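Letters A, B, ... mirror the listed sequences (proteins, then strands); counts begin at 1. None of the values given here were measured: they were computed from a predicted structure. FYI, side chains are in, hydrogens and waters are out, and symmetry mates aren't considered; it's all heavy atoms of this structure.
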There are 2 protein chains.
Amino acid sequence: MTETEDTTPSFAEIRALLAELPGPSLEAQETARERQGHLVKPPGSLGRLEELAIWLAGWQGRHPPRLERPRIAVYAGNHGVAACGVSAYPAEVTKLMVQTFIAGGGAINQLAEVAGADLRVYELALDEPTADFTQGPAMSEEDCASALAYGMMTVEEGFDVMALGEMGIANTTSAAALCHGLFGGAPETWVGRGTGIDDAALARKRAAVAEAVAVNRAALTDPFELLRCLGGLELAAIAGAILACRLARLPVVLDGYACTAAAAVLFAADPHALDHCVVAHRSVEPGHTHLLEKLGQRPLFDLDLRLGEASGAALALGVLKSATACHQGMSTFAEIGIGEA
Amino acid sequence: MTETEDTTPSFAEIRALLAELPGPSLEAQETARERQGHLVKPPGSLGRLEELAIWLAGWQGRHPPRLERPRIAVYAGNHGVAACGVSAYPAEVTKLMVQTFIAGGGAINQLAEVAGADLRVYELALDEPTADFTQGPAMSEEDCASALAYGMMTVEEGFDVMALGEMGIANTTSAAALCHGLFGGAPETWVGRGTGIDDAALARKRAAVAEAVAVNRAALTDPFELLRCLGGLELAAIAGAILACRLARLPVVLDGYACTAAAAVLFAADPHALDHCVVAHRSVEPGHTHLLEKLGQRPLFDLDLRLGEASGAALALGVLKSATACHQGMSTFAEIGIGEA
């Protein structure tokens, strides 16, 4: 990430961005809501598809909302805590999976094709994992801010929605530590089996999360400090991407636990920071359910996914496409000569 | 439906078909299950997408399963009970909506296009509604068997899955009567607001369901008699289509309450009759949740839909496509050089 260093914003500059987040276009939202009321269906009968069409119009700032050019962005990073034996796979798997995505053999490649989405995979210094956060902060402020800035930079013009996801061995440990740090509660609340660890690894993972928060106690008062101390490069990049999407009028689809935990950092800084985001699915990872409650987010579906890679977010693109297609393509009652109920 | 009369099977002949329902191909199922275990993901991490791929392989009787040619079939019928004021819309709306589908302006047209699915709409004698079942049986055995046979005939070769749905003003009243007749409980359990009726219409709808079951009490011992007395032409056609799909190795996606209630008739005749069916979504209609419990079916998602028209089933096609795409397109661990966990 050396190319970004000259322009890397400080935490203070990122906080300043949060202070002036744009809201949705109320006009586009209202126009969408009014059109929904005239379409040939009992009012409200398309449920969340109606809400999504209105939400997309508001955050895209246009009517009708469009879902023709979706992008899926997967951020990959490595975690020092992997050395503590908290995952079923060694840290080398992160790079192998990125190579698999590049070769087209990952789940996300197939899901992106079905969704008709552009797919990009961003590697964050896979050979330079974060420090083991059970021993101290995971990152320096410079590295964390640099990853945030890198994530911001990945948000390009010309897309209708960004579906975000991650790949990073041990990053549900980081997600659990972030959630435990942000929301408290018992560490076990936030720790699940991730890739499918056994009881011994689960015990190590719980201990790692408890230690991480204890060791980095000084960071607990500030969300960005928490991200620096307990997060990871790919999670910081996701937080940066979410922020840049807000500024660029791009609605965001969040994937599972690790991705939503990265988003939670922004939520902790400003409870409206995720208003342009929808969570695709409820992960099997139990911490995700608790996190969704904290964020007041209702996921679109629950298909027992626990893969990451933006897999759930990619699936959600079909729902969003369906929402915009109904919104734009359906006839109105007036057009077919039925009085409205 | 005059063209089918000569070959219309009797209830006895349809019962005979139920006695020899084919099961899934265990070989295709096993081959699919084994491949899932080798794909580059933690075992089980694609959750229901894995189960769906295995299920599709079994019921299509081939490996790999395919989802290239989905068909959506919408069956439309009219109900005598509509005259009791149980819907927010008059019975004429059924025909207007069918015309809207033909013109391409319905929700289902847009959803079919997003899903890349072939869409057919089947009208069942819209000018000849069933009799008001609060006064006696809705149909003669001949009409009911004829509608079942018509539904069977609509199942054609060359498709990978059938997504079934319905259109029929007052048919959630028929669905509620069927469920109350099949499963008992208080009538209120099965009655909801359908298209969005007010309290007065809801009271009429509850009374109609209670009366229907009381008046047709003699039918309660036999599922097909129940269908004849409390069902509708489009619901009988759906039951027929489900049966024919089973014989033709076509997995089925069921839509919401009315569609699942039609399927429940077959379930009551044989608890394995719906093993080749998946329910797309949980309808807002409260009876659907009770019905899903009775059938032991877990829907794929809950998007607060209550439209019918196969809208939820069409949305589910994207999930099925994603399941087969991952199953077929993902690399194996061996291919990318990672040992399996």
Next on the checklist: With heavy-atom distances below 4.5 Å as the criterion, would you say the side chains of Arg306(A) and Pro42(B) are in contact?
Outcome noted: yes
Checklist entry - So do the side chains of Leu305(B) and Ser45(A) get within less than 4.5 Å of each other, counting heavy atoms only? => result no
Checklist entry - Quick one: what part of Leu315(A) sits under 4.5 Å from any heavy atom of chain B, side chain, backbone, both or neither? => result side chain
Item to check | Closest heavy-atom pair and its distance - Cys326(A), Ala107(B) | outcome: SG-O, 3.9 Å
Item to check | Option that, when pairs with chain A are counted at under 4.5 Å, heavy atom only, ranks first among Ser322(B), Ser311(B), Ala314(B), Pro90(B) | outcome: Ser322(B)
Checklist entry - Looking at Leu300(B), Leu46(B), Leu52(B), which hits side-chain contact (heavy atoms from CB on, under 4.5 Å) with Leu303(A)? => result Leu300(B)
Item to check | Shortest non-hydrogen contact between Val114(B) and Gly318(A), atoms and distance | outcome: CG1-O, 4.3 Å
Item to check | Closest approach of Ile336(B) to Leu96(A) (non-hydrogen atoms, all atoms of both residues) | outcome: O-CD2, 3.9 Å
Next on the checklist: Rounded to the nearest 0.5 Å, what separates atom CD in Gln110(A) from atom NZ in Lys321(B)?
Outcome noted: 14.5 Å
Item to check | Nearest heavy atoms of Val40(B) and Gly105(A), plus distance in Å | outcome: CG2-O, 3.6 Å
Checklist entry - Can you find a heavy atom in the side chain of Arg298(A) that is under 4.5 Å from one in the side chain of Asp304(B)? => result yes
Item to check | Part of Asp302(A) lying under 4.5 Å from any heavy atom of chain B | outcome: both
Checklist entry - Should we count CD of Glu335(B) as having more than 12 external heavy atoms under 6.0 Å? => result yes
Checklist outcome for this item: Assert top hit (heavy-atom pairs under 4.5 Å, partner chain B, pool Gly312(A), Gly106(A), Ala325(A)) equals Ala325(A)
Next on the checklist: Heavy-atom pairs under 4.5 Å with chain B - which of His281(A), Met97(A), Gln99(A) has more of them than the others?
Outcome noted: Met97(A)
Item to check | Segment of Val284(A) engaging chain B (4.5 angstrom heavy-atom cut-off) | outcome: neither
Next on the checklist: Do Thr195(B) and Lys41(A) make a side-chain contact, defined as non-hydrogen atoms from C-beta onward lying under 4.5 Å apart?
Outcome noted: no
